[in-house]
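Structure first, commentary second.
Keep in mind that the numbers below use all heavy atoms, side chains included, and drop hydrogens, waters and symmetry copies.
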Amino acid sequence: MTNISTPLAIPIHTYTSHSQLLSTITPLRLPAVLRGCPLGHCTSTWTIDYLVEKLTGVVKPVHVTTNPDMNFACKNFKYSSLDLGKVVRDAAGGKEEDMFYLRAVSEENPRTKPVRLEEDFPTIARDFTLPDMVPESKIFSSVLRVSSGRVRVWTHYDVMDNIYCQVVGHKEAILWPPAEADKMYLVGDKSRVVDIEHPDLEQFPLFPLAQQYKADLQPGDILFIPALWFHNMLAKDFGVAVNVFWRELEFKLYDQKDPYGNKDHLPAAKAMRMLDNVMRQLQDLPEEYKDFYARRLVLRVQEKCYSKTKMGKE
């Protein structure tokens, strides 16, 4: 039986200044935890009773499931428009059969407009404040996340740098580098591997070989998740977090109709479409010939596009 690779510990940095994130952490293109960063009054005021009071009457779509391992592929959850005051009460109580996960979306137009904490949750937004870590002009969204204990959110990647600010509760974060993409069994931006601790080795034989990185987040911790890093989050208990995304590349490289930050960069999306056409061109060839030219194409892509640094480590 193939064992899962031993996770590398994500380094923990003590917060020193507002410039620390962009000057010393993000340039390394590795995940990191910032501990001790001031997040405002939320770390003390966001009690269950306070959140129930402030969010009662706010109705949002929420993931509802009886299976803690949420699976986007088979949709083992449903979307329900629920009063968030009740969601917080039930999720924190943990007595319901149903478990809850909120990934907030924009009230104005969830299909096209990114969510902003200050616009969509004004009753609690002033409690959460970040030092000027990222220029306001670059910030894409600030996402409120609320979760029942034991809920694990499917493995996926985002196309923007982001920080996951754990305000209430504890989470286990597992990450994989972009260079492990060939072992992640992707469908779009999501991995098909749901049970990351005991993967089906017949379906996913390479997954255990993918190098993992791990962090255990405490209240007040900030996890930096670089763009394109795969991540899987497990709520150890009732949790509330704010996830802030920003555009670290030129704006023109991003899909302007993407409200979530998970649509591939425009040049990459165009290349994917062109590849679909390339594969169609090979369909007229016999199987053996098609296989030969497909391998040649892969070799050309590796030669021209693979990072020489990453290839040297494989």
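For Lys86, the NZ atom counts as loosely surrounded, since its 6.0 Å shell holds 12 or fewer non-hydrogen atoms of other residues, nucleotides or ligands. Counting heavy atoms of neighbouring residues, nucleotides and ligands inside a 6.0 Å radius, atom CD of Glu250 does not exceed 12 of them. Residue Gln283 places its CD atom among more than 12 non-hydrogen atoms of other residues, nucleotides or ligands, all under 6.0 Å distant. At most 12 heavy atoms of other shown residues, nucleotides or ligands fall within 6.0 angstrom of atom CG in Asp132. More than 12 heavy atoms of other residues, nucleotides or ligands sit less than 6.0 Å from atom CZ of Arg247. Counting non-hydrogen atoms of other residues, nucleotides and ligands closer than 6.0 Å to CZ of Arg35 gives a total above 12. Few gaps surround NE2 on His156; more than 12 heavy atoms of other groups in view lie less than 6.0 Å from it.
One hydrophobic cluster, built from ILVMFWY side chains closer than 4.5 Å, holds both Leu297 and Leu285. Hydrophobic clustering, with ILVMFWY side chains joined whenever heavy atoms are under 4.5 angstrom apart, groups Leu82 together with Val240. At a threshold of 4.5 Å between side-chain heavy atoms, the hydrophobic network of Ile, Leu, Val, Met, Phe, Trp and Tyr places Leu282 and Leu275 in one connected group. No continuous path of ILVMFWY side-chain contacts below 4.5 Å connects Met233 to Phe224, so the two sit in separate hydrophobic clusters.
Classified by interplanar angle (parallel below 30°, tilted 30° to 60°, perpendicular above 60°), the ring pair Phe245/Phe140 is perpendicular. Relative orientation of the Trp154 and Phe77 rings is parallel, given thresholds of 30° and 60° on the angle between their planes.
For the pair Asp216 and Lys236, the salt-bridge criterion is met [side-chain N within less than 4.0 Å of a carboxylate O]. Using a 4.0 Å cut-off between charged side-chain N and carboxylate O, Arg111 and Asp258 make no salt bridge. Checked for salt-bridge contact, Arg295 and Asp291 meet the test: a charged N lies under 4.0 Å from a carboxylate O. Ion pairing between a basic and an acidic side chain is recognised when a charged N comes within 4.0 Å of a carboxylate O; Lys270 and Asp264 show no such pairing. Salt bridge present: Glu172 and Lys214 bring a charged side-chain N and a carboxylate O closer than 4.0 Å.
Asn243 contributes a side-chain N or O that, together with a main-chain N or O of Ile163, makes up a donor-acceptor pair within less than 3.5 Å. Side-chain N or O atoms of Asn76 include one that pairs as donor or acceptor with a backbone N or O of Asp69 at under 3.5 Å. No side-chain donor-acceptor contact under 3.5 Å links Ser141 to the backbone of Val143. Side chain of Ser5 to main chain of Ala210: a donor-acceptor pair is present (N/O by atom type, distance under 3.5 Å, no hydrogens or angles). Under a 3.5 Å cut-off, the side chain of Asp120 and the backbone N or O of Arg116 do form a donor-acceptor pair. Using a distance-only test at 3.5 Å, with no hydrogens or angles considered, no donor-acceptor pair links the side chain of Arg126 to the main chain of Thr123. Using modelled atom types, no side-chain atom of Asn277 and backbone atom of Met274 make a donor-acceptor pair closer than 3.5 Å. Using a distance-only test at 3.5 Å, with no hydrogens or angles considered, no donor-acceptor pair links the side chain of Lys183 to the main chain of Glu180. Checked by atom type and distance alone, the side chain of Tyr254 never pairs as donor or acceptor with a backbone atom of Lys257 at under 3.5 Å. A donor-acceptor pair is defined here as one N or O able to donate and one able to accept, closer than 3.5 Å; no such pair exists between the side chain of Asp237 and the backbone of Ala235.
Contact record, His231 with Ile225: ND1-CG2, 3.7 Å, taken as the closest heavy-atom pair. The shortest heavy-atom contact between Ile48 and Arg89 is CG2-NH1, 3.8 Å. Nearest heavy atom pair, residue Glu248 against residue Asp161, reads OE1-N, 3.0 Å. For the pair Lys113 and Ser106, the tightest heavy-atom approach, listed with the atom from each and the gap, is O-CB, 3.1 Å. A pairwise comparison of heavy atoms in Val193 and Met184 identifies CG2-O, 4.3 Å as the closest pair. Thr56 and Asp83 make their closest contact through CA-OD1, 3.4 Å (heavy atoms, listed as atom of the first residue, atom of the second, distance).
Shown here are the salt bridge (charged side-chain N to carboxylate O under 4.0 Å, His left out) partners of Glu97, two or more places apart in sequence or in another chain: there are none. With sequence neighbours excluded, no residue satisfies ring-ring contact (aromatic ring centres under 6.0 Å, His included) with Trp246. For Asp127, the side-chain contact (heavy atoms from CB on, under 4.5 Å) test picks out Cys42, Thr45, Trp46, Tyr50, Ile124, with sequence neighbours left out.
Within the 4.5 Å cutoff, side-chain heavy atoms of Ile222 are placed close to those of Leu39. In this structure, the side chains of Pro110 and Pro259 stay at 4.5 Å or more apart for every pair of heavy atoms. At a threshold of 4.5 Å between non-hydrogen side-chain atoms, the residues Met160 and Tyr260 do not count as touching.
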Check the pair Asp255 / His265 against side chain to side chain donor-acceptor pair (under 3.5 Å), numbers first and verdict last. CA-CA 7 Å; Asp255 189 327; His265 301 93; over 6 Å; no
Pair Leu175, Gln212 - check side chain to side chain contact (heavy atoms under 4.5 Å, CB included), show working. CA-CA 6 Å; Leu175 284 76; Gln212 297 184 1; over 6 Å; no
Side chain to side chain contact (heavy atoms under 4.5 Å, CB included) between Val242 and Leu117, intermediate numbers included: CA-CA 8 Å; Val242 179; Leu117 189 71; 4.2 Å; yes
Evaluate the side chain to side chain donor-acceptor pair (under 3.5 Å) criterion for residues Tyr164 and Arg145: first the C-alpha distance (whole Å), next the side-chain angles of each, then the deciding distance (0.1 Å), finally the verdict. CA-CA 10 Å; Tyr164 193 99; Arg145 298 184 186 269; 4.9 Å; no
Let's go through Gln218 and Lys171 carefully: what are the C-alpha distance in whole Å and the side-chain angles of both, what is the deciding distance for side chain to side chain contact (heavy atoms under 4.5 Å, CB included) to 0.1 Å, and is it a yes or a no? CA-CA 7 Å; Gln218 305 174 5; Lys171 282 195 176 71; over 6 Å; no
Determine whether Gln20 and Thr24 satisfy the following criterion, side chain to side chain donor-acceptor pair (under 3.5 Å), listing intermediate values before the conclusion. CA-CA 6 Å; Gln20 181 181 12; Thr24 65; 4.9 Å; no
What's the verdict on ring pair (Phe, Tyr, Trp, His ring centres under 6.0 Å) for His63 and Phe100, showing C-alpha distance, side-chain angles and the deciding distance? CA-CA 6 Å; His63 301 76; Phe100 306 90; over 10 Å; no
Go through Arg152 and Ile196 one step at a time and tell me if the side chain to side chain contact (heavy atoms under 4.5 Å, CB included) criterion holds. CA-CA 10 Å; Arg152 185 187 291 277; Ile196 65 172; 3.3 Å; yes
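Note: Trp229 and Tyr213 meet the aromatic proximity criterion, with ring centroids under 6.0 Å apart.
Phe230 pairs in a ring pair (Phe, Tyr, Trp, His ring centres under 6.0 Å) with only one of the listed residues (Trp176, Phe207, Tyr157), which is Tyr157.
In this structure, CG in Leu51 is found 11.0 Å from CZ in Phe121, a value given to the nearest 0.5 Å. For the atom pair CZ (Phe72) and OG1 (Thr155), the distance works out to 13.5 Å, reported to the nearest 0.5 Å. Note: Leu130 CG to His18 NE2 = 12.5 Å, rounded to the nearest 0.5 Å. Remark: Met70 CE to Asn232 CG distance equals 11.5 Å, nearest 0.5 Å.
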